[in-house]
Amino acid sequence: SGVIQASITRADALADRGMRVLAFGRVSGEMNGELDHNVEPLALLVLSDQIRPDIQSTLEQFRVLNVKLKILSGDNVRTVKAIAEEAGISIERAYTGEQIDAMTDGELDGIVANAQLFARISPDGKRRVIQALQKQGEYVAMVGDGVNDVPALKAANLAVVMNNGARIAKDVADIILLNNAMTTLPLAFAKGGEITRTVYATAIMFLAKNAFITLLMI
């Protein structure tokens, strides 16, 4: 009906502004799991997300570290795209969970590298995206906090979980962010790089020392 179409148009417009929209309606007759013409729209509940003020600098640090960012979300593709672009992530290619589920593993391998956003995606869909990236030789870190993220977290090379996340997600985590902020990660990666370079330099020094001693003994 015209009322339903108007509600959908209004919800889409709000989603394009980065809002999360829940629709409330009254159903005449027995519920069968499908939304049809028997639904009488009552209200739209609109929720907004607050972008962290330091997210721009955090994303820039990721780019400097050559980290490729991809978003896997169960939310509406319009909403996630608007929020991502507000945060400074350019979305050129986006796919929905329905599209991912319809793809073979080979088809997914072909699109995953150049896509930035996967929305309305299922837990198994997230896992498939992670594994498709790994097939292409990528070292994949997954950041999550919910039960729906667990399959992808387990598949990832590095599982990062927020401290306020679900218990089962934290059980499979390699890193738990105690302050629940991604801003910690670039610092952690940079420090890890420093430690790796120090260990490498030390190993080279001891190798040269041992080689010199061996030659001296000979």
Verify the distance criterion only: is there a donor paired with an acceptor across the side chains of Asn157 and Gln134 at less than 3.5 Å? yes
Are any of the side-chain heavy atoms of [X] and [Y] separated by less than 4.5 Å?
{"X": "Leu158", "Y": "Ile175", "result": "yes"}
{"X": "Ile218", "Y": "Thr214", "result": "yes"}
{"X": "Leu72", "Y": "Val129", "result": "yes"}
{"X": "Lys68", "Y": "Gln116", "result": "no"}
{"X": "Val67", "Y": "Arg63", "result": "no"}
{"X": "Met142", "Y": "Val160", "result": "no"}
{"X": "Phe118", "Y": "Val112", "result": "yes"}

Atom pair [atom1] ([X]) and [atom2] ([Y]), whose distance is rounded to the nearest 0.5 Å:
{"X": "Lys81", "Y": "Ile71", "atom1": "NZ", "atom2": "CD1", "answer": "11.5 Å"}
{"X": "Leu59", "Y": "Leu69", "atom1": "CG", "atom2": "CG", "answer": "6.0 Å"}
{"X": "Asp171", "Y": "Leu153", "atom1": "CG", "atom2": "CG", "answer": "11.5 Å"}

For the side chain of [X] and the backbone of [Y], is there at least one donor-acceptor N/O pair under 3.5 Å apart?
{"X": "Lys191", "Y": "Pro186", "result": "no"}
{"X": "Asp149", "Y": "Gly146", "result": "yes"}
{"X": "Lys70", "Y": "Ala113", "result": "yes"}

Applying side-chain contact (heavy atoms from CB on, under 4.5 Å) between Arg120 and each of Thr79, Val77, Asn76, report the one that passes. Asn76
Can we say Arg128 and Asp124 salt-bridge, meaning some charged N sits less than 4.0 Å from an Asp/Glu carboxylate O? no
